[in-house]
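Any value given below was found using the heavy atoms of this structure, including those in side chains, with hydrogens, waters and symmetry copies removed. Here is how names work: the chains are called A, B, and so on, in the same order as the sequence lines, proteins then strands, and each is numbered from 1.
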Amino acid sequence: MEFEKHIIDKITELSGLMRETVENAVEIPPEKKLGDLAFPCFVLAKTMRKAPPAIAKELAEKIGSDEYIDRVEAVGGYVNFFYRRDVFSKTVLSAIKSAGENWGSSDIGKGRTVLVEFSSPNIAKPFHIGHLFSTAIGNSLEKIYRHLGYQTVKINHLGDWGTQFGKLISAYKRWGNKEVIDKDPINELLKIYVKFHNEAEKDPSLEDEARMYFKMLEDGDEETTALWQYFRDISLIEFERVYNMLGVSFDSYAGESFYSDKMQEVVDLLDNMQLLSDSENAKVVNLSDCNIPPCIIVKSDGATIYATRDLAAAIYRKRTYDFHKNIYVVGTPQALHFKQIFSVLDKMGYEWAKDCVHVGFGLVKFADKKLSTRHGDVVFLEDVLNESIQKTLEIVSKNSPSMENKEEVAQKIGIGAILYAFLKSSRERDIVFSWDDMLDFEGESAPYVQYSYARGRSILRRTDIDYLNADVSKITSDDEYALVSLLAGFEDAVRDAADKNEPFYVTRYVTNLARAFNKFYNSYPILKNDVDEETKKARLLLVDAVTQVIKTALALLGIETVESM
RNA sequence: GCGCCCAUAGCUCAGUUGGAUAGAGUGUUUGGCUACGAACCAAAAGGUCGCAGGUUCGAAUCCUGCUGGGCGUACCA
């Protein structure tokens, strides 16, 4: 932003500090009334051998007002800058108007590819509420990186390989019935899977049987492969339905099975590098120099394990996409696993191991019981989404009985509300699932933001005044100016979100923007008769900009807007 | 046992490389629809930042110890 740059230049010139030092020191004051930008003088205290307040006072006087700066104040050890509101508003609003939906975007990612692995449900298991965490975060991160100019690849690393399929095949052979399963695939497969676990507790030999079936699968046995393919196909149909509801899509479904023929190479590579050692009949990479437990590469029965598949996947991805960053959106409980994988890649001499990042997130818990597929205690995501849509539909029907596309609106609001619930806090926090919280559409929620958008759009619909050439120098009140300066801060929010892989920076941003807009909306008339024409135009332009930025920001979260609700 | 993470208002959470009077939402109490949309706005009350030390001009933030909780700890993913 040129205002900030201008002030940094001036401070640099007058203080004799390095430009970089000044850049790092300037900050946005905690309160709007303290100014638009602040420079704390504490860093100068030692070299100048003066008290910070005295330095601040001196610096403030030296800088003074100019074409960008309205006034400069020294408060305590801070120099506070107030922009010229008329100039700032004009600059920001016209920039937004010409940027359109690209406002807040950047080209820092140009020519670089970011991979985002997310969602990654297990085949033949329900797509439950816990999967939404990875799906929502990954989906949003991909959009955020794309907004910053990166090429992106969305990867669904399906859990379609592993001993669990041995279990499922064993269970199917014992209790499966194709006709029953075809009617309600996931539920029926879940039933026999749960039954398997219950039986295995009584008879541990079942576990051996499961391992045997998985080994057969890896060896390409025809019958087990056909069964596996069947489970995979019917599961994908179910998942696709949920992804469609969420508006989520993927560029690649290369899951674990995709790497089944690419793992021998990894084992050989490790062997040639003499990184493998035998331990209790398994082959492992010793990581004691990294202070973490060894990473198992080949199990004692000769079958592979997920670590092997993740190594093969990383190497494959580097060759295929030459990524700048390889992001894994997977729960924090797997932190150690990824630490092991990245350490092994590093030991193999791949300098790109440092570009692999595990983006963890918390658990979805229930107030009383634990979510567990093995025991069948599970809340289906589809049920949560439908419940939310249903509740929205009731509200819409009550508030706007004459609306034509109620279902479509309810879909967008209802799903937005759920997504928002998973994107509103820092990702490593656990979420305690409760219907009340999920379906609370007041305050900090997607419907609150969507409602603000709809209100703004409603105003723009009601007029045919051409406001594009408005003179925005009229926009100088505290509340209007607060909106303008929030609009200016969008790119920072997007960058912060990418830097920390935290979509909630965008969630918080758009919520603050909506709040500021509602405040403005409540106390500033726009289309009323007693508003003069110029003010009317200026405010319309502001409303236009706000609605546009809300739409763009929500889109980065994978949440849609509606014109009325 | 060891490793990682967490502890901030009744509840759910923000709090940037240490910096200005620790902020939102929700809940509670109260006010505002004859108004461009009340899924909204305004106001009040609500804090020993888990505890105890230390570093610093300055600590919710950094260091040490303690208490309480979560997760992980090789052939599940």
Output one letter per nucleotide in nucleotides 32-38 of chain B: B when a protein non-hydrogen atom lies under 4.0 Å from the base, S when only the sugar-phosphate is that close, - when neither is. ----BBS
How does protein contact run along nucleotides 55-61 of chain B, one letter per nucleotide 5' to 3', with B for base contact, S for sugar-phosphate only, - for none, heavy atoms under 4.0 Å? -------
Taking the minimum atom-to-atom distance to the side chain of [X], which one of [options] wins?
X: A:Ser425; options: B:rA20, B:rA77, B:rC13; answer: B:rC13
X: A:Thr163; options: B:rG70, B:rA77, B:rA20; answer: B:rA77
X: A:Glu442; options: B:rA74, B:rA24, B:rA39; answer: B:rA39
X: A:Ser426; options: B:rA74, B:rC13, B:rA39; answer: B:rC13

All side chain to side chain contact (heavy atoms under 4.5 Å, CB included) counterparts of [X], not counting sequence neighbours:
X: A:Ser300; answer: A:Asn281
X: A:Lys391; answer: A:Ile395, A:Leu439, A:Phe441
X: A:Phe490; answer: A:Trp103, A:His147, A:Val494, A:Tyr509, A:Val549, A:Thr552, A:Ala553, A:Leu556

Please enumerate all residues that pass side chain to side chain donor-acceptor pair (under 3.5 Å) together with [X], with sequence neighbours excluded.
X: A:Lys537; value: none
X: A:Thr547; value: none
X: A:Asp160; value: A:Arg232, A:Ser257
X: A:Ser477; value: A:Glu480, A:Tyr524

Closest-nucleotide mapping onto RNA chain B: is A:Asp301 or A:Val79 further toward the 5' terminus? I mean the 5' end. A:Val79
Quick one: on RNA chain B, does A:Thr332 or A:Ala38 contact a more 5' nucleotide (nearest heavy atom)? A:Ala38
So, is [X] near the phosphate of [N], with a side-chain N or O under 4.0 Å from OP1 or OP2?
X: A:Lys167; N: B:rC76; answer: no
X: A:Tyr420; N: B:rG25; answer: no
X: A:Arg429; N: B:rC5; answer: no

Summary of side-chain hydrogen bond (donor to acceptor under 3.5 Å, both in side chains) pairs that have at least one residue in residues 488-504 of chain A, sequence neighbours excluded: A:Tyr145-A:Asn501, A:Glu491-A:Arg495
Kindly indicate whether a cation-pi arrangement holds for A:Arg71 with A:Phe82, taking the cut-offs as under 6.0 Å to the six-membered ring centre and within 45° of the axis. yes
Between C1' on B:rA74 and NE2 on A:His337, what's the gap in Å once rounded to a whole number? 12 Å
Starting at atom CD1 of A:Ile431, determine the distance to atom P of B:rC5, rounded to an integer number of angstrom. 21 Å
Could you check which nucleotide pairs with B:rA38 in any of the strands shown, counting Watson-Crick or G-U wobble with both distances under 3.5 Å? none
Give me the residues of residues 500-515 of chain A where at least one heavy atom lies under 4.0 Å from an atom of RNA chain B, by number, or none. A:Phe504, A:Tyr505, A:Arg508, A:Arg515
I'd like a table of donor-acceptor pairs (distance under 3.5 Å, sequence neighbours excluded) in which one partner is a side-chain atom from residues 410-420 of chain A, with atom names and distances.
unit_1	atom_1	unit_2	atom_2	d
A:Lys412	NZ	A:Glu408	OE2	3.2
A:Tyr420	OH	A:Thr511	OG1	2.6

Once the angle between the rings of A:Phe338 and A:Tyr328 is folded into 0 to 90°, is it parallel (under 30°), tilted (30 to 60°) or perpendicular (over 60°)? tilted
Identify the two heavy atoms, one from A:Pro294 and one from A:Asn286, that lie closest to each other, and give their separation to 0.1 Å. CB-CA, 4.3 Å
